[in-house]
**Q** 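The structure under discussion is supplied below as structure tokens; questions concerning it will follow.
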There are 2 protein chains.
Amino acid sequence: MTDRTTPTLASIAARVGVSVNTVSRALRAPNTVRPELRQKIRAAMDELNYVPNRLAGGLSGTRSDVVGVIVTSLHHSEFASLVDTLQAELLAQDLQVMLANTRYDPDEEVRLVRAVLSWRPAAIAIVGIDHPPKAVELLKAAGVPVVEMWDVDGPVIDTAVGIDHRAIGRAQGQHLVERGYRRLAFLGSLRDNDSRAHKRLAGVEEATSAAGLGHVVRRTEPLPGNPDLGERLLGELIERQSDVDAVVCNSDVIAYGVLRGLRRLGRDVPGDVGVIGFGDSEASSCLTPALTTVRPDREAIGRLAAAAILSRIDGGGPEIRRADWRLMTRETTARQSRIPLAMAAAIPADPLGKG
Amino acid sequence: MTDRTTPTLASIAARVGVSVNTVSRALRAPNTVRPELRQKIRAAMDELNYVPNRLAGGLSGTRSDVVGVIVTSLHHSEFASLVDTLQAELLAQDLQVMLANTRYDPDEEVRLVRAVLSWRPAAIAIVGIDHPPKAVELLKAAGVPVVEMWDVDGPVIDTAVGIDHRAIGRAQGQHLVERGYRRLAFLGSLRDNDSRAHKRLAGVEEATSAAGLGHVVRRTEPLPGNPDLGERLLGELIERQSDVDAVVCNSDVIAYGVLRGLRRLGRDVPGDVGVIGFGDSEASSCLTPALTTVRPDREAIGRLAAAAILSRIDGGGPEIRRADWRLMTRETTARQSRIPLAMAAAIPADPLGKG
DNA sequence: TTGAAAGCGGTACCAG
DNA sequence: CTGGTACCGCTTTCAA
């Protein structure tokens, strides 16, 4: 701290009495510098607490060491673990994560894509495959590898890693039907631009109509999902459709509120009403009754996404990869079946998510 | 896409027929450029999908527009919402978040501090006040504003925003004592370098010893917290100390597993055993029995941290701010008290966290 | 209102 | 093995 300015390669060079160039090589290609000199340079750097300037490095060199990660939400741990995994795997390759959160706002998404691109990232990982046209245009024009995550079904920009949401919806619906539930409802946080949730909903409807059941009643709002919202939506649902006997929740946290609400209303779960969630949050297996839900292989998505990013940076070609998911059958749907198995068998499903 | 190279200010300038710096000014100081020209420049940028290069901008200009955010974990939504809030508030000021996750590894922390500093951030926000000496040295040498989050009690680098963990521990212990619990245990994920958890534990012990009770039995592991770990630790605890009648869990997810385990063991909660958590995760109010826990004002921490960052960037001085927290009294500790109130009153506590 | 030119801190290609 | 020297793309005086 004797010097008020941040040390640069030049200050190190001056201190050691060599050229800037040599110092740079001492970092980038150590074996092209005499060990003794290298040692002195290292010492000087340590002493001055030198930290390389990546702005300069990135501007000059060819490669930048950032990867932009754009998610739609962080609050409800939906994507927190994804970001966590990505960060860890990329860091192992000395890649820094620049994080952005659109909060499901398309305008914000365009803005963030631009902001992230302005750092000239080596790649961009982004949640979803439904983006505002301008965002897609920017992404394509930038010529950066883009890895879309969580959804893979539909037009993809470049590379995608995700799960088959429609198949998940089918499995949810089919499971309820098999367990004898007949009047299904879909509840939760749902945004117009959350095509993943819409695909799951479509899957549920596919299953019910295949079973010859009526429409799936829905009660949704474009607000962040949490138990209070779940309980409120349940209340509103029951008020105008009191004969519903199964609720598909768009997320586990919504389901938590739904279960709390049903308890307060004195409805028995799974006897009177069945409940199924999506996500398999940590608490789900600890509730009483324990929540039946769908567990996407989050870790796999993170790992595959990281691998895809690295591969693309490394010159590999675009690809589409699906991760697995599992129906976690627990107590909230543990009702005795009332329909013949033959009928249930007629319902299409794809439990392995292999498309 | 007629041009294979990314557009630069120069390409825009060439296209419009002006100098580079006119284009630059059109962005940075629009009113110093003739509206008509400005219009043409805008059009060219739009057409070419121009995205400014912040590496160049940051290198040249004085201010950088990144804020480094260093957390210890993301998985269990412990800090996810914090990051979420920070990101949103900073973005409003056109500041980008560069995220790093130490996973409670001190070596990693040093490495990440260095990595983040290499982007010459306008400020750094970091979880905790206990950092490896080298990290502190780097941070101080860099002369960047540093905002430490979640903990404020102890030596601080610069500015800090957090809650009083010791007071929280005292309140947890006192609450259990008041409810008549006598043999307390502390369970959960606990790392040596997680001084926040250690402070809460110390607070619990302070409360029990003030009440004249014996030592708090502890059963911890330096692993990520989750329900399975909670249930396992509970099992191990009961095995060698079966008379424990209250469990302080280091996080709500641990408590979920503890409750599940107690249920399986046939112990009544809150009758036989009381359970209290920390964090007030979303599911906590939906469990049966609902979990008594402590809710830190997460949103306030995020907001205050963002405000502190902005203020420091803007030339404001260092400061220390405490956020509030609340004991959420629910069912898992709803046992009738067995001790005279006078005694309970003797236990120090500071429920408002004002230090 | 606009343009020319000097950096910002590195990297990379040369020559020595 | 080491040093000289053009840039990288943008910001910022200083003139015009």
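Order of the sequence lines fixes the chain letters, A, B, ..., with proteins taken first and strands second; residue numbering starts at 1 for each chain. Small disclaimer: the values here were computed from a predicted structure and weren't measured. These values consider heavy atoms only, across backbone and side chains, with no hydrogens, waters or symmetry-generated copies.
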**Q** Could you give the start and end, 5' to 3', of the contact zone on DNA chain C for chain B, using atoms under 4.0 Å from its heavy atoms?
**A** C:dT1 to C:dG9

**Q** Looking at B:Asp65 and B:Gln96, would you say the former's side chain and the latter's main chain have a donor-acceptor pair under 3.5 Å?
**A**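 Here the side-chain-to-backbone pair does not exist.
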
**Q** Note down the inter-axis angle between the two ends of the helix from C:dT1-D:dA16 to C:dG16-D:dC1, five pairs each, to the nearest 10°.
**A** 30°

**Q** Return the minimal non-hydrogen interatomic distance between A:Tyr50 and B:Arg114, and the atom names on each side.
**A**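 Looks like O-NH1, 4.0 Å.
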
**Q** Do you know which of A:Leu86, A:Ile70, A:Ile126, A:Ile129 makes side chain to side chain contact (heavy atoms under 4.5 Å, CB included) with A:Met149?
**A** A:Leu86

**Q** Restricting to side chain to side chain contact (heavy atoms under 4.5 Å, CB included), what partner residues turn up for B:Asp107, sequence neighbours left out?
**A**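 B:Asp107 satisfies side chain to side chain contact (heavy atoms under 4.5 Å, CB included) with B:Asp105 only.
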
**Q** State whether A:Ser19 places a side-chain N or O below 4.0 Å from either non-bridging phosphate oxygen (OP1 or OP2) of D:dT2.
**A** no

**Q** How close or far is atom C1' of D:dT2 from atom NZ of A:Lys40, stated in whole angstroms?
**A** 14 Å

**Q** Could you pull out all residues at least two apart from A:Leu37 that satisfy side chain to side chain contact (heavy atoms under 4.5 Å, CB included)?
**A** A:Val16, A:Val18, A:Thr22, A:Val33, A:Arg34, A:Ile41

**Q** Just jot down the side chain to side chain contact (heavy atoms under 4.5 Å, CB included) partners of B:Ala197, sequence neighbours excluded, or say none.
**A**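 Testing B:Ala197 for side chain to side chain contact (heavy atoms under 4.5 Å, CB included), a comparison that skips the adjacent residues, returns B:Leu190, B:Asp194, B:Arg200, B:Asn250.
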
**Q** Using a 4.0 Å heavy-atom cut-off, write out nucleotides 5-16 of chain D from 5' to 3' as B (base contacted by protein), S (sugar-phosphate only) or - (no contact).
**A** B--BBBBB----

**Q** Can you tell me if B:Arg25 uses its side chain to pair, donor with acceptor, with the backbone of B:Thr32 under 3.5 Å?
**A** yes

**Q** Judged by modelled atom types alone, do A:Asn193 and A:Asp130 share a side-chain donor-acceptor pair under 3.5 Å?
**A**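 Checked: A:Asn193/A:Asp130 side chains show no N/O donor-acceptor pair below 3.5 Å.
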
**Q** Could you tell me which non-hydrogen atom of B:Leu117 sits nearest to which non-hydrogen atom of B:Leu138, and how far apart they are?
**A** CD1-O, 3.7 Å

**Q** B:Val161 pairs by side chain to side chain contact (heavy atoms under 4.5 Å, CB included) with which of B:Asp151, B:Ile309, B:Leu304?
**A**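 Testing B:Val161 for a side chain to side chain contact (heavy atoms under 4.5 Å, CB included) against B:Asp151, B:Ile309, B:Leu304 leaves exactly one candidate, B:Leu304.
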
